[in-house]
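Below you'll find the structure, written out as structure tokens, and then a few comments.
Along the sequence shown, residues are numbered consecutively beginning with 1.
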Amino acid sequence: MNNVARNILVWLVIALVMMAVFNQLGDRRSAQTQVEYSQFIDEVKGGRVAKVIIEGQVIRGVRTDQTPFTTYAPSDPWLVSDLLKSGVKVEAKPQEEPSFLMSLFVSWFPMLLLVGVWVFFMRQMQGGGRGGAFSFGKSRARLLDESTNQITFADVAGCEEAKEEVAELVDFLRDPSRFQKLGGRIPRGVLMVGSPGTGKTLLAKAIAGEAKVPFFSISGSDFVEMFVGVGAARVRDMFETAKKQSPCIVFIDEIDAVGRQRGAGLGGGNDEREQTLNQLLVEMDGFEANSGIIVIAATNRPDVLDPALLRPGRFDRQVVVPLPDIRGREQILNVHMRKVPIAPDVKPEILARGTPGFSGADLANLVNEAALFAARGNKRLVDMDDFERAKDKIMMGAERRSMVMPEHERRNTAYHESGHAIVARLLPKTDPVHTR
């Protein structure tokens with residue numbers, strides 16, 4: 001049973017107990033009509049009362065028309081004789097006293113309720129669950145182990161130099177003694193720098209997949225909260241959890257959200273973000289060594305990072321993940337084309353030549369859009385025409401077939417574009433003209 005269901009069950013039990021107590025102590029005679037004592041005496045003298053039951057000062061009775069009623073009588077020594085004179089059947093019962101257990105429960109119930117609530121909140125404060133009310137300081141890092149992370153270097157293309165730089169991290173995680181026996185120390189932190197969509201996160205997952213070690217993934221914005229000290233507590237909890245899984249990789253995406261240069265903006269030194277950054281600096285290179293933990297961070301804005309993050313001993317190695325060249329784009333297309341049925345006429349080298357400046361994410365989107373075009377046409381395979389249409393849509397937007405265009409303007413546009421093609425074909429050392 002998870003924590004949410006357990007908490008709901010606890011509060012449901014408390015509510016049921018309180019309802020039972022209120023029902024026990026409530027007026028069990030609510031179905032009867034409450035009448036004044038003077039009215040009761042008048043009805044007795046008028047012969048409209050058939051029977052009464054006396055329980056202490058409580059009188060419950062039935063009228064001659066079979067309607068019930070109840071009233072409270074003062075200390076009247078002549079009451080019974082007046083009832084008998086009026087022909088009313090009188091029945092006396094001892095006043096009901098609550099049982100000892102019920103009295104004990106009623107008297108101690110508020111105290112037991114307070115103790116139960118106090119124990120509940122104390123368990124939450126001591127880390128009784130990540131979803132509890134006092135679990136702000138728990139790390140939000142997501143763990144990917146060997147069974148859930150199947151990404152390897154074979155799934156990463158277009159950044160061969162970056163893969164070579166991080167390959168020794170895999171060797172260190174597999175066999176740390178190979179480097180330690182010669183006095184070498186593996187970098188504690190690796191900062192991946194590159195444009196959005198170049199595959200920084202994918203490369204970090206591939207390192208963990210190749211080394212077959214746990215992979216903790218978290219975003220820089222997950223550390224920052226409005227409560228003071230929460231970010232620093234999450235950093236401490238993240239490294240404590242990582243130590244238990246050592247050797248492992250801790251990946252911080254968009255680290256510029258928490259690693260911006262200190263003192264560059266408004267606010268004093270007690271800023272929550274700066275406290276989080278200070279704790280991260282201490283954990284990476286403080287008095288206690290985090291052996292077996294490699295921190296990999298990714299950002300596309302290295303210029304705003306604090307210099308203390310980039311010094312040796314912390315993120316002392318920067319790996320640039322650039323936009324892929326023509327050969328890299330072809331390799332990336334081959335990786336993503338393995339997931340869709342491709343027609344024989346599809347040529348990745350031609351598509352790579354026509355997509356300069358595309359990142360890995362853009363090329364993945366290109367393959368997906370081509371598959372969607374093929375699905376709309378009820379095709380069994382994704383052909384070259386689908387890729388061309390997908391490329392035009394990504395680069396120039398959706399085709400505007402409903403646009404009103406005069407015939408002479410259409411003719412002038414055709415002449416203009418044909419001139420571009422003729423000049424590119426005749427001039428030497430220009431890009432080849434691509435025809436569809």
Interatomic distance, [X] atom [atom1] to [Y] atom [atom2] [nearest 0.5 angstrom]:
X    : Y    : atom1 : atom2 : result
T241 : R236 : OG1   : CZ    : 12.5 Å
T276 : L280 : OG1   : CG    : 9.0 Å
R60  : I53  : CZ    : CD1   : 5.0 Å
D303 : R301 : CG    : CZ    : 6.0 Å

Indicate yes or no: at least one non-hydrogen side-chain atom of [X] is less than 4.5 angstrom from one of [Y].
X    : Y    : answer
K393 : F373 : yes
V319 : K200 : no
L169 : I294 : yes
D362 : I394 : no
T70  : V35  : no
I207 : F251 : no
R260 : D306 : no
S195 : N300 : no

message: Test of understanding: with side-chain contact (heavy atoms from CB on, under 4.5 Å), list the residues that count as partners of I350, not counting sequence neighbours.
response: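 For I350 the side-chain contact (heavy atoms from CB on, under 4.5 Å) partners, ignoring immediate neighbours, are K347, M384, H434.
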field: Under the side-chain contact (heavy atoms from CB on, under 4.5 Å) test, residues paired with E210 that sit two or more places apart
entry: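 With sequence neighbours excluded, E210 shows a side-chain contact (heavy atoms from CB on, under 4.5 Å) to T152, F153, V170, R174, given in chain and number order.
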query: Picking from I296, I255, T299, what satisfies side chain to side chain contact (heavy atoms under 4.5 Å, CB included) with F315?
result: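 Of all the options given, the one that passes is I255.
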- request: Could you check I342 against L381 for side-chain contact (heavy atoms from CB on, under 4.5 Å), going step by step and ending with a plain yes or no?
  value: CA-CA 5 Å; I342 300 298; L381 300 175; over 6 Å; no
message: side-chain contact (heavy atoms from CB on, under 4.5 Å) for T355 and L363? Distances and angles first, verdict last.
response: CA-CA 8 Å; T355 52; L363 295 173; 3.9 Å; yes
- prompt: Do any pairs count as a side-chain hydrogen bond (donor to acceptor under 3.5 Å, both in side chains) and have a residue in residues 332-346, sequence neighbours left out, and if so which ones?
  reply: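 Sorted result for residues 332-346: D155-R338.
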message: Taking E240 first and then K243, would you say they form a salt bridge - that is, a charged N and a carboxylate O separated by under 4.0 Å?
response: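 A salt bridge links E240 with K243.
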query: Do other residues, nucleotides or ligands put more than 12 heavy atoms under 6.0 Å from the CZ atom of R311?
result: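 Atom CZ in R311 is crowded, with more than 12 foreign heavy atoms closer than 6.0 Å.
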More than 12 heavy atoms from other groups under 6.0 Å of NZ on K205: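 Counting neighbours around NZ of K205, 12 or fewer heavy atoms of other residues, nucleotides or ligands fall under 6.0 Å, so no.
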task: May I have the step-by-step check of side-chain hydrogen bond (donor to acceptor under 3.5 Å, both in side chains) for E283 and Q279, ending in yes or no?
output: CA-CA 6 Å; E283 291 290 344; Q279 187 63 41; 3.0 Å; yes
- prompt: Which one of K379, R376, K391 satisfies the side chain to side chain donor-acceptor pair (under 3.5 Å) criterion with D386?
  reply: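 So, applying the side chain to side chain donor-acceptor pair (under 3.5 Å) to D386 and each of K379, R376, K391, only K379 qualifies.
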